[in-house]
Amino acid sequence: MNRILLFFALVIFTIAQANAKESSTTAPPLDAAQVFEWWDDGIITPEEAAEIFTRLEEENYDEACLLAEVYAQEPCTILNKTTEKNARKKRKNKTAKSAHSPDAAHSTKTIHANKAAPPLIPHGSLSWKGQYDSNGHLKKHREELQIQFYYFKLRLGSQELLSYRRDGYESHFGQISTLEFHSHLPLDTLWGAALRFPIGKFHLGAHIDTSKTFHTHVAFHPNRQNELTAAFWKFPDVGAIALQARTTLGQISAWYQFGQDLPLIKIQLQNEKEHLSWKTTAYIHGDSIPQGLNLSKGIADNRLWASQTVNVQWPEALNTILSTKARVLNAIASDSLSARFKITLTSGPKRIRTSLSATCIEASDNCSSTEWNGIVESDWNDFAFKASTKVRYENNRTKPPRIELGASYRSRLALAKLTIALPQMNPAQSISLQNEIKLDNDWFGCDFVFAFKKTKTKSFSPSYAHLQTSLKF
């Protein structure tokens, strides 16, 4: 079997031919500080935070955003696509202007020079991430080495993978995961070899791994906005088919394992107009999870796992935004539906922006538990300030409000942030401090998040810490 995989890998790395395309990198849409803040505020549970962290470590940012939007009911956006579009527009405008200038010929030469093959000199990063518990013990850690050279990328650590990408051709050898399979659904990591190559408006792909799992797929791209993919999976003891469609409205995927009553379906649809935008997210499946999928526990435990967001915006009225969010869960162990609703009104200029939200914790209990949150934010270029008050009404009584004050300083290379929280309003009862220090330059990066808590019976002591460092070369 190993000889077959080695031969398959050698074939892969000799097939790809064409001109180079510059690969884009995606920045994480969430950082550890934001997830810990939701955890500390009680917005998400430790288990839900762990699910988000897992997706971030896998670099499956789309799934991490999806979890954050459903669990925390907070907006989450992957910004690289917008950034790339804006960069393209700037380059296009710059090219159009320079075409009429005396240096147009020189500019054209420069553009063609930029399309040259990437350098053979290796470059990349070496990173270390660790989380510490309240006793200062290292709870978990991971090391990561990423090296790019020519059209190859080597990743060692949480994922051992050698990849080759060149003008639509792709080949991978090692631990192959969701991103390499171009799957909308999160998949188990498989150790083997995979190939993907274009033929006109089609992409063909196949893979085989050490467990004798085989997979092949074909994708049809009529244009850049639309795509239709069909895949066949053969595991040692069962087979499955997968379909996924992508349009300007979003993506819909289905996975059917032979012998099961219902397919698993994932829906992500959204639309944005001048004053109205909406987003729908859902996972639907039967009582059993198909083989080969790597679903988060919250999704696997619910037949229906869905959220709906609607935003109405009035830019001319101090950029006022009215947002409504709904979350619906139907657990496998129960026939009843669990629903949560949140409505938020945000308004004001950048210097002083206010927000008021009301959350119905559980609609099936006639909203007997509700949460009210008021926020004031002020942004002064490098400095930003935030103050919030959160009040929960539960069991026919109002709990002491939670007060939170925060200040941050951000420059091009550094971030310093301090947040002080009073969970029961009275500092003598409880107080929490969260700090974040972030440094980032051409050769070094560091993100340090740590928190301390004090209660009526316990003096200040560490609560948690997250450290991430990276050396770039």
**Request:** Run through Phe448, Phe53, Tyr132 and flag the one making a ring pair (Phe, Tyr, Trp, His ring centres under 6.0 Å) with Phe36.
**Result:** Phe53

**Prompt:** Just wondering, do Pro186 and Leu295 contact through their side chains at under 4.5 Å, heavy atoms?
**Reply:** yes

**Item:** Salt-bridge contact Lys140-Asp133 (side-chain N to carboxylate O under 4.0 Å)
**Value:** no

**Prompt:** Would you say the side chain of Ile299 lies within less than 4.5 Å of the side chain of Lys297, judging by non-hydrogen atoms?
**Reply:** no

**Message:** Looking at Arg55 and Asp62, is any side-chain nitrogen of the basic one under 4.0 Å from a carboxylate oxygen of the acidic one?
**Reply:** no

**Request:** For Glu144 and Ser158, test the side chains for any donor-to-acceptor distance below 3.5 angstrom and give the result as yes or no.
**Result:** yes

**Item:** N-O pairing of Arg392 and Glu371 below 4.0 Å
**Value:** yes

**Any side-chain heavy-atom pair of Glu74 and Glu69 under 4.5 Å** = no

**pair Val312-Ile321: side-chain heavy atoms closer than 4.5 Å** = no

**Message:** Between Thr346 and Thr320, is there a side-chain heavy-atom distance shorter than 4.5 Å?
**Reply:** no

**Partners meeting side-chain hydrogen bond (donor to acceptor under 3.5 Å, both in side chains) with Ser408 (sequence neighbours left out)** = none

**Message:** Under 6.0 Å between ring centres: does that hold for Phe232 and His217?
**Reply:** no

**Fill in**
Residue pairs meeting ring pair (Phe, Tyr, Trp, His ring centres under 6.0 Å), one or both in residues 247-275, sequence neighbours left out, come to Trp233-Trp255

**Prompt:** With the threshold set at 4.0 Å, does a side-chain nitrogen-carboxylate oxygen contact exist between Arg402 and Asp41?
**Reply:** yes

**Asked** Is it true that Trp191 and Phe173 have ring centroids separated by less than 6.0 Å?
**Response** yes

**Request:** Can you tell me which residue pairs pass the salt bridge (Lys or Arg N to Asp or Glu O under 4.0 Å) test with a partner in residues 243-257, sequence neighbours excluded?
**Result:** Glu227-Arg246

**Message:** Among residues at least two apart in sequence or on other chains, which ones pass salt bridge (charged side-chain N to carboxylate O under 4.0 Å, His left out) with Asp287?
**Reply:** Arg303

**Asked** Just one of Arg142, Glu58, Glu180, Glu57 clears the side-chain hydrogen bond (donor to acceptor under 3.5 Å, both in side chains) bar with Gln159, so which one?
**Response** Glu180

**Message:** Does Arg353 have more than 12 heavy atoms from other residues, nucleotides or ligands lying within 6.0 Å of its CZ?
**Reply:** yes

**Message:** Just to verify, what does Lys129 make a salt bridge (charged side-chain N to carboxylate O under 4.0 Å, His left out) with, not counting sequence neighbours?
**Reply:** none

**Item:** Polar side chain donor-acceptor pair, Glu362 to Ser338, under 3.5 angstrom
**Value:** yes

**Prompt:** Is the closest basic N to carboxylate O distance between Glu59 and Arg155 below 4.0 Å?
**Reply:** yes

**Message:** Please determine whether the number of non-hydrogen atoms from other residues, nucleotides or ligands lying under 6.0 Å from atom NZ of Lys201 exceeds 12.
**Reply:** no

**Request:** Output all residues satisfying salt bridge (charged side-chain N to carboxylate O under 4.0 Å, His left out) with Asp188, sequence neighbours left out; order by chain, then residue number.
**Result:** none

**Message:** Within the supplied structure, the quantity of interest is the number of heavy atoms (other residues, nucleotides, ligands) at a distance under 6.0 Å from Trp278 CH2; does it exceed 12?
**Reply:** yes

**Message:** With a 4.0 Å cut-off on N to O distance, would you call Asp31 and Lys417 a salt bridge?
**Reply:** no

**Item:** Ring centroid separation Phe197 to His203 under 6.0 Å
**Value:** no

